[in-house]
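What follows is a set of notes on a single structure, which appears directly below.
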Amino acid sequence: MVLHASDIEQVIIQLTETLRSYFDLPDTPRQRNWWVLVCGEPLQQNSFSERDKARERLRQQLLLCDITLQEYVWIWDNTNRVQVLINQYANRDDAETQAENLRKKGLEVRVVREWDRAGPNDKDLL
């Protein structure tokens with residue numbers, strides 16, 4: 001038997017509904033967070049080797065600013081540049097505060113709304 005991602009997703013949805021019902025939890029959607037992204041260089045090519053090189057250059061730039069991450073979450077969107085998720089906040093003001101501190105270190109930073117599974121839309125890319 002082969003399981004597909006959509007099958008697993010349906011099982012998770014059913015389990016979530018069962019647990020919400022059992023524990024009488026409200027079925028409210030989760031508030032989307034604000035992402036703080038550090039931006040690297042624009043990518044001219046779609047080759048994986050160029051992306052890897054751009055990622056490494058951004059990692060080195062972060063190290064020069066004494067920033068190390070436990071996990072590098074790379075974000076790709078319509079800006080066609082390398083970007084890494086630095087942190088996420090429930091409050092936009094907190095995200096903007098960290099973004100400003102990172103800009104003072106010479107980094108290019110964006111604050112965007114967390115994306116849903118479908119990816120970003122225009123209102124997310126503020």
[Y] and [X], any side-chain heavy atoms less than 4.5 Å apart:
| X | Y | answer |
| --- | --- | --- |
| Gln98 | Tyr89 | yes |
| Thr68 | Leu63 | yes |
| Leu58 | Arg55 | no |
| Glu108 | Arg81 | yes |
| Trp35 | Asn87 | no |

From [atom1] ([X]) to [atom2] ([Y]), nearest 0.5 Å:
| X | Y | atom1 | atom2 | result |
| --- | --- | --- | --- | --- |
| Ile75 | Cys39 | CD1 | SG | 10.5 Å |
| Leu102 | Arg110 | CG | CZ | 14.5 Å |
| Leu64 | Lys105 | CG | NZ | 11.5 Å |
| Asp52 | Arg57 | CG | CZ | 10.5 Å |
| Leu85 | Trp74 | CG | CH2 | 11.0 Å |

For a quick test of reading the model, state the closest non-hydrogen atom pair linking [X] to [Y] and the distance between them.
| X | Y | result |
| --- | --- | --- |
| Ala95 | Val36 | O-CG2, 3.6 Å |
| Leu43 | Ala54 | CD2-CB, 3.6 Å |
| Glu96 | Arg103 | OE1-NH1, 4.1 Å |
| Ala90 | Trp34 | O-CD1, 3.7 Å |

Side-chain (Arg51) to main-chain (Val82) donor-acceptor, under 3.5 angstrom: no

Pairing of Lys53 and Glu56 as salt bridge, 4.0 angstrom limit: no

Full working for side-chain contact (heavy atoms from CB on, under 4.5 Å) between Ile67 and Leu107: CA-CA 11 Å; Ile67 299 170; Leu107 298 169; 3.7 Å; yes

Glu50: side chain to side chain donor-acceptor pair (under 3.5 Å) partners, not counting sequence neighbours: none

